[in-house]
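For clarity, every value in this text was computed on a predicted model and none was experimentally measured. We name chains A, B, ... by the order of the sequence lines, and we start the count at 1 in each one.
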There are 2 protein chains.
Amino acid sequence: MPRIVAERADALPALAEVFREHGYEGASLSLIGAATGLGKGSLYHFFPGGKEEMAKAVLGEIDAWFEQHVFATLREATRPEEGLAAMLDAVDGYFRSGRRVCLVGAFALGDTRDRFAREIRGYFSRWAAALCAALARGGRGAAAAAALAEEILADIQGAIVLARALDDPGAFARAVTRLRRRYEMGR
Amino acid sequence: MPRIVAERADALPALAEVFREHGYEGASLSLIGAATGLGKGSLYHFFPGGKEEMAKAVLGEIDAWFEQHVFATLREATRPEEGLAAMLDAVDGYFRSGRRVCLVGAFALGDTRDRFAREIRGYFSRWAAALCAALARGGRGAAAAAALAEEILADIQGAIVLARALDDPGAFARAVTRLRRRYEMGR
DNA sequence: GTCTATAGATCGATAGAC
DNA sequence: GTCTATCGATCTATAGAC
């Protein structure tokens with residue numbers, strides 16, 4: 001059997017899945033070991049800080065992914081509407097059209113908010129800022145852009161909650177569609 | 001010291017607070033014992049099914065509260081707009097203007113969705129149905145009412161996520177305000 | 001009914017062989 | 001680097017005194 005995990009970063013996707021499915025407290029080292037194929041010794045070699053360091057690494061990778069695929073796109077798009085459309089595409093893909101939860105949102109609601117407050121707040125505030133700037137470049141006033149950015153983020157996060165609660169990914173898909181239509185980002 | 005908990009129902013508010021603050025896994029029997037003032041013996045006397053029965057009882061009480069103060073109001077209001085306004089008042093109060101999370105939403109996002117799938121789905125689907133019916137009585141078509149009900153619920157749930165994530169209850173207050181204004185429910 | 005004591009399992013984390 | 005063995009702490013749940 002080939003070695004799948006050769007360095008710390010290789011373990012992050014499996015690690016993220018465990019945290020997403022079981023939450024921070026529910027993600028036991030046994031589950032993590034099974035998901036990554038690593039024994040506890042290896043895990044503590046890669047993450048001397050234990051479970052907290054594992055979760056921080058996962059949050060950091062999620063942040064980096066959104067920074068690259070979402071926030072940067074929003075900031076760099078020549079036409080702001082293109083940035084918004086690209087954001088919705090990326091978000092729809094990332095959340096598997098509603099079949100995957102937002103780990104950062106789940107951590108925010110759950111027992112883990114205080115422990116990772118900095119990371120959680122950074123993720124959402126930079127997302128809101130990038131979206132707000134794009135909306136402002138699209139011609140909206142500063143206050144209106146900020147309010148709208150907040151509303152769009154709430155819609156996305158709330159749709160993830162509903163999709164999970166109703167066991168209906170369509171609830172998320174419909175949210176993405178209405179956001180696309182509303183800002184004339186349909187393709 | 002007077003006995004505070006004389007019957008099962010007396011323990012539910014404290015129980016709910018513990019689950020809300022620490023999540024299902026994080027709510028240990030020690031925490032629960034401290035919050036309710038009951039020893040493990042008493043807790044297992046009231047809830048023979050253990051922690052799972054405690055959580056189900058809490059979800060049931062939340063459901064009953066919303067049934068009485070939100071769903072029924074939506075269904076019974078003579079003018080639908082009054083029902084919507086009353087719903088937003090009740091919701092704003094219940095979630096302490098954004099300082100309190102929605103336990104059902106948190107359970108839906110977290111590790112506990114499967115265990116309480118029936119309760120979680122029932123809460124949100126009945127909320128959506130009552131809201132949808134009120135919107136339809138207000139003159140909207142069936143499809144439009146259903147879509148709008150889903151959007152309003154997503155906005156509320158997402159605003160709770162944002163308020164917690166940004167540590168800014170204002171994110172929730174602003175959501176309530178924009179919902180009030182948008183559907184001309186301002187007072 | 002409520003308590004203390006504790007069983008039995010599992011937790012996160014560490015040590016040491018290889 | 002990766003493993004196994006194991007630690008002490010903590011968990012849920014039970015038993016039995018009162």
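Atom CD of Glu52(B) and atom P of dC11(D) are 19 Å apart (whole Å). Summarising the geometry, the separation between CZ on Phe47(A) and C1' on dT2(D) is reported as 15 Å, rounded to the nearest angstrom. Following rounding to the nearest Å, Leu43(A) (CG) and dG12(C) (P) show an atom-to-atom distance of 11 Å. Atom-to-atom, CG of Leu38(A) to C1' of dT4(D) comes out at 15 Å; the value is rounded to the nearest Å. The interatomic distance linking Tyr44(B) (OH) with dC3(C) (P) rounds to 15 Å, in whole Å. With rounding to whole Å, Lys51(A) atom NZ is found 12 Å from dT10(C) atom C1'. The nearest whole Å value for the distance from the CD1 atom in Ile32(A) to the P atom in dT10(C) is 17 Å.
The aromatic rings of Trp65(B) and Tyr94(B) lie tilted to each other, with the angle between the two planes from 30° to 60°. Between Phe95(B) and Phe172(B), the two ring planes are perpendicular [angle over 60°; tilted spans 30° to 60°]. Relative ring orientation between Phe66(A) and Tyr123(A) is described as perpendicular, the plane-to-plane angle rising above 60° on a 0-90° scale split at 30° and 60°.
Distances were taken from every side-chain heavy atom of Phe46(A) (C-beta onward) to each of dA13(D), dT2(D), dA13(C); the shortest belongs to dT2(D). Listed nucleotides dG1(D), dT12(D), dT2(C) differ in distance to His45(B); the shortest reach to its side chain belongs to dT2(C). Comparing dC11(C), dT12(D), dC3(D) by their nearest atom to the side chain of Ser30(A) picks out dC11(C). Ranking dG1(D), dT12(D), dG12(C) by closeness to the Leu29(B) side chain, first place goes to dT12(D).
Within 4.0 Å (heavy atoms only), Gly41(A) reaches at least one base atom of the nucleic acid. Among the heavy atoms of the strands lying under 4.0 Å from Lys40(B) is at least one base atom, whether or not backbone atoms are also near.
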Checklist line | Step-by-step salt bridge (Lys or Arg N to Asp or Glu O under 4.0 Å) determination, Lys56(B) to Glu53(B) | finding: CA-CA 5 Å; Lys56(B) 284 219 170 112; Glu53(B) 186 173 339; over 6 Å; no
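Distances shown here put a side-chain N or O of Ser42(B) below 4.0 Å from the OP1 or OP2 atom of dC3(C).
Put simply, the side chain of Leu59(A) reaches to within 4.5 Å of the side chain of Phe107(A), judged on heavy atoms.
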